[in-house]
Amino acid sequence: MKTVIITGAANGIGKGIAIAYADKGFNVVIADIDSEAGNKLQDQLSENGKQAYFVECDVSDPNSIDNLVKQ
């Protein structure tokens with residue numbers, strides 16, 4: 001199974017993309033600075049049998065990006 005990392009995935013277009021990939025069977029990594037919305041989307045997808053993981057990430061911070069990829 002393939003895994004995608006989607007930044008800005010907790011809301012808006014990113015959220016729609018995350019849901020679309022999850023519906024197609026991908027493992028989805030939800031990366032966003034909005035931890036409340038990110039965790040909510042992770043729970044929503046997981047409850048529907050999808051593989052989703054939230055990682056808090058600020059894409060303007062290189063250390064945050066490194067942490068995202070490591071997780």
With distance as the sole test, does N39 use its side chain to make a donor-acceptor pair with the main-chain N or O of S35 at under 3.5 Å?
-> yes
Does D23 pair with K50 as a salt bridge, N-O distance under 4.0 Å?
-> yes
Considering all heavy atoms of both residues, which atom of A10 and which atom of G38 are nearest to each other, and what is their separation?
-> CB-N, 3.6 Å
Nearest non-hydrogen partners of E56 and S64, listed with the distance = O-OG, 4.1 Å
Test log, rule side chain to side chain contact (heavy atoms under 4.5 Å, CB included), inputs I5 and L68 = CA-CA 9 Å; I5 299 173; L68 167 65; 3.7 Å; yes
Which pair of heavy atoms, one from F54 and one from I30, lies closest together, and at what distance?
-> CD1-O, 3.2 Å
CA sep, side-chain torsions, deciding dist, call: N27, V4, side chain to side chain contact (heavy atoms under 4.5 Å, CB included) = CA-CA 6 Å; N27 293 323; V4 294; over 6 Å; no
Kindly compute the distance separating OG (S60) from CD1 (I65), expressed to the nearest 0.5 Å.
-> 8.0 Å
Are Q44 and N48 close enough that a side-chain donor and a side-chain acceptor fall under 3.5 Å?
-> no
Minimal heavy-atom distance between A9 and D32, with the atoms involved, is N-OD2, 3.3 Å
Is there a chain of hydrophobic side chains (I, L, V, M, F, W, Y, each step under 4.5 Å between heavy atoms) that links I13 to Y21?
-> yes
For D34 and N11, test the side chains for any donor-to-acceptor distance below 3.5 angstrom and give the result as yes or no.
-> yes
Any side-chain heavy-atom pair from I6 and V28 closer than 4.5 angstrom?
-> yes
Could you tell me whether I33 atom CD1 has more than 12 heavy atoms of other residues or ligands within 6.0 Å of it?
-> no
Nearest-0.5 Å distance that lies between atom NZ in K15 and atom CG in L45 = 9.0 Å
Check L41 against A18 and note the closest heavy-atom contact, atom names and distance.
-> CD2-CB, 4.2 Å
